J.: 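Would you mind keeping the following structure in view while I ask a few things?
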Amino acid sequence: MSVRLHDTLAGAVQPLEPLEPGHVRIYSCGPTVYGPAHVGNFRSFLFADVLVRYLRWRGLRVTWVMNLTDVDDKIIRGAAAESIGIDALAERHIAGFLADAATLRMTMPDVLPRATAHIPQMVALVEALLERGHAYRTEDGSIFFRIASWPTYGRLARLDPDAMRVGERVAADEYSKDDARDFVLWKAAKPGEPSWETAIGSGRPGWHLECSAMSMAYLGESFDIHTGGVDLIFPHHEDEIAQSEAATGAPFVRTWLHCAHLQMGGRKMAKSEGNIAGVSDLLATGLAPRALRYALIAAHYRTGLSFSDESVSAAAAAVARLDALVAALLGYHGEGPDDPGLPAAIAGARAAFGVAMDDDLGISAALAAVFDLVRDLNRRIAARSLSGADAARALDALRDLDRVLGLLPDPAEPPLEADLQVLLDERAAARSARDWAASDHLRDALAARGILVEDSRDGQRWRRAGTPADA
RNA sequence: GGCGACGUACCCAAGUGGUUAAGGGGGAGGUCUGCAAAACCUCUAUGCGUGGGUCCGAAUCCCACCGUCGCCUCCA
């Protein structure tokens, strides 16, 4: 049994065979930090996160690089609009991105390279391309990649370069070039724009060049996996392949993984469509971060995923189901012997989970395996067939699968606030005194503070509400 | 115009040739409970866009049609 992934270039699912056995090198196109990332962006980042988590769960070593594009037209425009430097604008949005990523439990990449810190590597790449005749300089000092010099151009996107609608959409570029389809590697300095003095002239890098330089700087000329949204297939990744392989002569990436768009209102979520939802905006409404994470990762990465109020509340309910089980297991007091059926139930769930995820990250089937286990455990709890040690084992099993999913409540998360704990204690006292009026009143008071209290044979248990509607 | 996906219940979404079509949400009924919540049980697609075809057998393969979306442009 091995991990199989769908390679865009091959157009097929193939076994993952790392160049270095046991070590997977992954590059993910990260955010361009000109504004806050929206949840559509995060679908793709979290897809990469789940990939990394899963490979590690399978025992593979992973080196994960995600770039931060901190110089491009939009950043320059945005900074100019605020009369600040691009660094200041980028810093602000990098901070926002990292905060959102942490909130959504995205694994921290091993390296988060910034484009502006890798200008020398980019320059070296352009020099190699100039030397090999794959690039040319125009009158203003800009440098372009000559697509005509690269016969396999268009393979990734399955586009015929000759059939591209030049003139309609590629249209008049502000830089003159030999062929309208050629893409820019290096943009000559312009007044009012940031630029770097380098061996290839004064200017700034083109976007595609940045990713080639940064990925190869940390992962080598050839590496295993490159991820991004489907919208990056063309031209971004197509251009990366052309310029990287033309410069090094080595195959660039073994497996291209592309995440489908998040849909909102029947269309892809994108700033240009005007249907974006920011992470922090959503969380500000009281939506639990874990519910948002669930909503973004629960569907297979290659299928469009609908994002809506309904999908979010369904996600919150699903997470609440997990929370309720964790709370029940934590509060479980079992005096009896071990449940003889438990080990098989856990092993079965784990196996089904692995089979599903091995098959091109089939997370829907993997979640089904998790929820089958949830039902099974709930039955055993209701039947009181678990021992105390069993409850701990069951929780360990859930947490093990959750290394991939990142959905369970954090065990290190804050104990109850002191004043709320007082209310809870008072309620326990009221209950033992059979003072139902006081007990119910305290339950309402706690609910108003976002704490859901439930009574069970093991006594009171509480958990935090996942959405404002819960409270 | 070219290329590529997709259309499964009220919603989201698995399933890519073979017993009863996963799972989550929602809804209905029931059990448990001081009440509530949670949990559990039962029910909620004889059918998988439509029409043909191949096959002993198709949601799954082929053809046509209808519809939706994406890429060909900045975009995760």
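Keep in mind that what you see is a predicted model, and the values were worked out from it rather than measured. Lettering of chains follows the sequences in order, A, B, ..., and the numbering in each one begins at 1.
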J.: With rounding to whole Å, what would you report as the distance between G1(B) and C12(B) at their P atoms?
T.: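 Between the two P atoms, the distance is 30 Å.
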
J.: For L325(A) and for R267(A), find the nucleotide of RNA chain B with the closest heavy atom, then tell me which residue's nucleotide is more 5'.
T.: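 Result of the comparison: L325(A).
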
J.: Could you tell me which nucleotide pairs with U50(B) by Watson-Crick or G-U wobble geometry, both distances under 3.5 Å, or answer none if nothing does?
T.: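 WC or wobble partner is A64(B).
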
J.: Given U73(B), G24(B), G34(B), identify the nucleotide with an atom nearest to the side chain of P235(A).
T.: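 So the side chain of P235(A) is nearest to U73(B).
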
J.: With no hydrogens and no angle check, do the side chains of T63(A) and D110(A) hold a donor and an acceptor under 3.5 Å apart?
T.: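 Their side chains do not contain a donor-acceptor pair, so the 3.5 Å distance test is not met.
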
J.: Mind checking who C43(B) pairs with, Watson-Crick or G-U wobble, both distances under 3.5 Å?
T.: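 Its partner is G27(B) (Watson-Crick or G-U wobble, both distances under 3.5 Å).
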
J.: So, using ring-ring contact (aromatic ring centres under 6.0 Å, His included) as the criterion, who are the partners of H261(A) when residues are at least two apart?
T.: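 ring-ring contact (aromatic ring centres under 6.0 Å, His included) list for H261(A), sorted by chain: empty.
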
J.: Return the nucleotide paired to A9(B): Watson-Crick means purine N1 to pyrimidine N3 with N6-O4 or O6-N4, wobble means G-U with N1-O2 and O6-N3, both under 3.5 Å.
T.: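 Result: none.
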
J.: Side chain of A382(A), heavy atoms from C-beta onward: which of G24(B), A39(B), G34(B) has the nearest atom to it?
T.: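 So the nucleotide nearest the side chain must be A39(B).
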
J.: Answer with base, sugar-phosphate or nothing: what part of the nucleic acid does S306(A) contact at a heavy-atom distance below 4.0 Å?
T.: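 S306(A): backbone/sugar contact only, no base atoms under 4.0 Å.
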
J.: Which nucleotide, in any strand shown, forms a Watson-Crick or G-U wobble pair with U73(B), with both distances under 3.5 Å?
T.: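 Base-paired to nothing in any strand shown.
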
J.: How about R155(A): does its CZ atom have over 12 heavy atoms from other parts shown lying under 6.0 Å from it?
T.: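 No, the 6.0 Å shell around CZ holds no more than 12 heavy atoms from other groups.
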
J.: Both A365(A) and Q263(A) contact RNA chain B. Taking the nearest nucleotide for each, which residue is further toward the 5' end?
T.: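 Closer to the 5' end of RNA chain B: A365(A).
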
J.: Watson-Crick or G-U wobble partner for G57(B), using a 3.5 Å limit on both distances?
T.: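 Partner of G57(B): none found under 3.5 Å.
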
J.: Using whole Å, what does the distance between atom P of nucleotide G70(B) and atom CG of L159(A) come to?
T.: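 Atom-to-atom, L159(A) to G70(B), this comes out as 17 Å.
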
J.: Ring stacking, F371(A) with base of G23(B), under 5.5 Å and under 30°?
T.: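 Base of G23(B): not stacked against F371(A).
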
